[in-house]
There are 2 protein chains.
Amino acid sequence: MKAEKQKIPKDGSTEERIKEAAKRLFTQKGFAAVKTRDIAEESGINLALLNYYFRSKQRLFDIIMMENMQQFIQGTIMKISESNIGIAEKIETVVIAYIDMITANPYLPIFVMNQMQNVPSKLVEKMEPVMKPIRANFIKQLEEAMEKGEIAKIHPFHFMANLVGLTIFPFIGKPLLQRVSGVTNEEFATLMQERKKLVPKWINMILNPG
Amino acid sequence: MKAEKQKIPKDGSTEERIKEAAKRLFTQKGFAAVKTRDIAEESGINLALLNYYFRSKQRLFDIIMMENMQQFIQGTIMKISESNIGIAEKIETVVIAYIDMITANPYLPIFVMNQMQNVPSKLVEKMEPVMKPIRANFIKQLEEAMEKGEIAKIHPFHFMANLVGLTIFPFIGKPLLQRVSGVTNEEFATLMQERKKLVPKWINMILNPG
DNA sequence: ATTATTTTTAATCAAATGATTAAAAAATTT
DNA sequence: AAATTTTTTAATCATTTGATTAAAAATAAT
């Protein structure tokens with residue numbers, strides 16, 4: 001009688017439409033600023049369906065958050081400790097991947113930064129098994145490259161802060177930077193494409209001074 | 001009869017204590033996530049006093065937001081277009097000022113970035129008179145330095161994104177970067193002090209390649 | 001076709017939340 | 001000291017908000 005049924009949300013299904021609306025809203029505004037009625041309206045469904053499919057606002061948010069975290073980490077951090085090509089070539093690949101991914105999901109970085117700030121220890125626990133091997137591989141490869149003399153000595157934190165900062169900060173700071181430098185949305189898009197080549201060049205200057 | 005009285009909030013006054021609590025909470029969690037009762041509890045006052053002194057949660061938030069914006073802009077962007085010393089020396093001064101200011105107010109950058117994202121046009125209007133001269137001065141000085149051959153050609157947006165990104169992103173991305181690089185809070189503080197010298201050096205490498 | 005199951009809806013609940021009020025307490029003025 | 005004004009408190013209001021329920025509609029199974 002209890003059929004252990006597997007819900008496979010078909011494309012365009014109600015469940016999927018709720019999730020998509022929730023992702024748009026939560027990612028842009030965060031948990032507290034989004035009302036369940038906003039999600040219902042945005043997805044064109046009856047309010048009760050949110051609870052029918054996802055039990056509660058919190059559970060729905062948790063799903064979106066995990067997906068966003070995974071997407072961000074897989075799209076950025078993970079790539080840097082993944083394959084075993086040389087650092088310099090890897091940076092080129094990674095920066096391009098970052099910029100493309102974030103261009104398609106501009107609110108992702110600041111959402112992730114906000115979530116990490118208010119770290120619920122539950123999230124930390126879930127992330128640790130993912131982060132640990134990333135950390136190990138990344139530091140190992142960096143240290144090897146430094147020992148081989150391929151790059152100058154640099155603390156892994158500085159390296160990561162520079163790489164991630166130069167690549168994703170422009171998206172986080174977009175409204176501010178546009179206002180300071182007087183750049184339109186179109187110009188911004190062009191500048192981000194430019195940075196695919198510029199950031200690796202700059203990172204290399206930092207890693208190979210003189 | 002109507003005495004046109006000027007409220008001068010003395011130090012430690014109720015009004016001031018509410019504002020301080022509100023600033024801590026709003027800056028860290030944003031408008032929607034903070035309840036008026038949280039502010040009352042945090043400042044140890046009766047809930048009604050918040051409305052007595054500030055009329056509404058929104059008005060109190062607006063005050064905090066303007067103060068935060070002003071503090072951030074004055075502590076960062078404004079400095080870069082202020083005096084007329086050479087670019088290189090100015091960068092050194094500015095980076096030190098940034099890092100000290102943000103170390104003392106670690107939640108300020110992400111608060112500002114969040115506010116800029118959800119730009120209420122009212123905020124834009126209020127900021128424009130402040131930003132316009134900053135933009136003009138900043139671009140003028142950059143272009144002059146490029147013409148004099150002091151620095152390589154670079155789009156003002158890239159320059160600003162690099163300078164601000166390398167300086168303040170480590171604070172925004174702190175929880176993530178710590179988790180990736182395995183750095184403690186104490187080490188983080190030390191690394192930020194290191195960056196006072198490193199960031200200007202890196203910026204100079206970018207501006208003067210070869 | 002009939003029955004059972006799943007999905008959707010409208011109405012409603014209970015708690016949370018921003019705000020107000022009237023009275024008390026404290027401070028200031030006269 | 002009495003009167004006036006300012007500040008604080010407890011109680012309460014009205015709305016918002018997350019969630020539930022019971023019934024209707026749609027879909028699938030028999």
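The basis for the numbers below is simple: all heavy atoms, side chains too, and nothing from hydrogens, waters or symmetry mates. Residue numbers begin at 1 in each chain, while the letters A, B, ... track the order of the sequences.
Side chain of Glu42(A) to main chain of Ala21(A): no donor-acceptor pair is present (N/O by atom type, distance under 3.5 Å, no hydrogens or angles).
Remark: Thr14(A) is in phosphate contact with dT8(C), judged by side-chain N or O atoms under 4.0 Å from OP1 or OP2.
No more than 12 heavy-atom neighbours from other residues, nucleotides or ligands sit within 6.0 angstrom of NZ on Lys126(B).
A search for ring-ring contact (aromatic ring centres under 6.0 Å, His included) contacts involving Phe54(B) returns nothing, not counting sequence neighbours. Under the rule for a ring-ring contact (aromatic ring centres under 6.0 Å, His included), Tyr107(A) has no partner lying at least two apart in sequence or in another chain. Residues passing the ring-ring contact (aromatic ring centres under 6.0 Å, His included) test with Phe26(B) are Phe61(B), sequence neighbours excluded.
When the C1' atom of dT17(D) is taken as reference, atom CD1 of Ile39(A) falls 12 Å away, rounded to whole Å.
Among pairs with a residue in residues 110-129 of chain B, none fulfils ring pair (Phe, Tyr, Trp, His ring centres under 6.0 Å), at least two apart in sequence or across chains.
The line from CZ of Arg179(B) to CD1 of Ile134(A) is 11.5 Å long, rounded to the nearest 0.5 Å.
For DNA chain C, none of the residues of residues 22-29 of chain B falls under the heavy-atom distance limit of 4.0 Å.
Using a 4.5 Å heavy-atom threshold, the side chains of Ile91(B) and Phe159(B) count as touching.
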| said: Using a 4.0 Å heavy-atom cut-off to protein, can you give one letter per nucleotide of nucleotides 9-21 of chain C, 5' to 3': B if the base is in contact, S if only the sugar-phosphate is, - if neither? | reply: BB------BBBBB
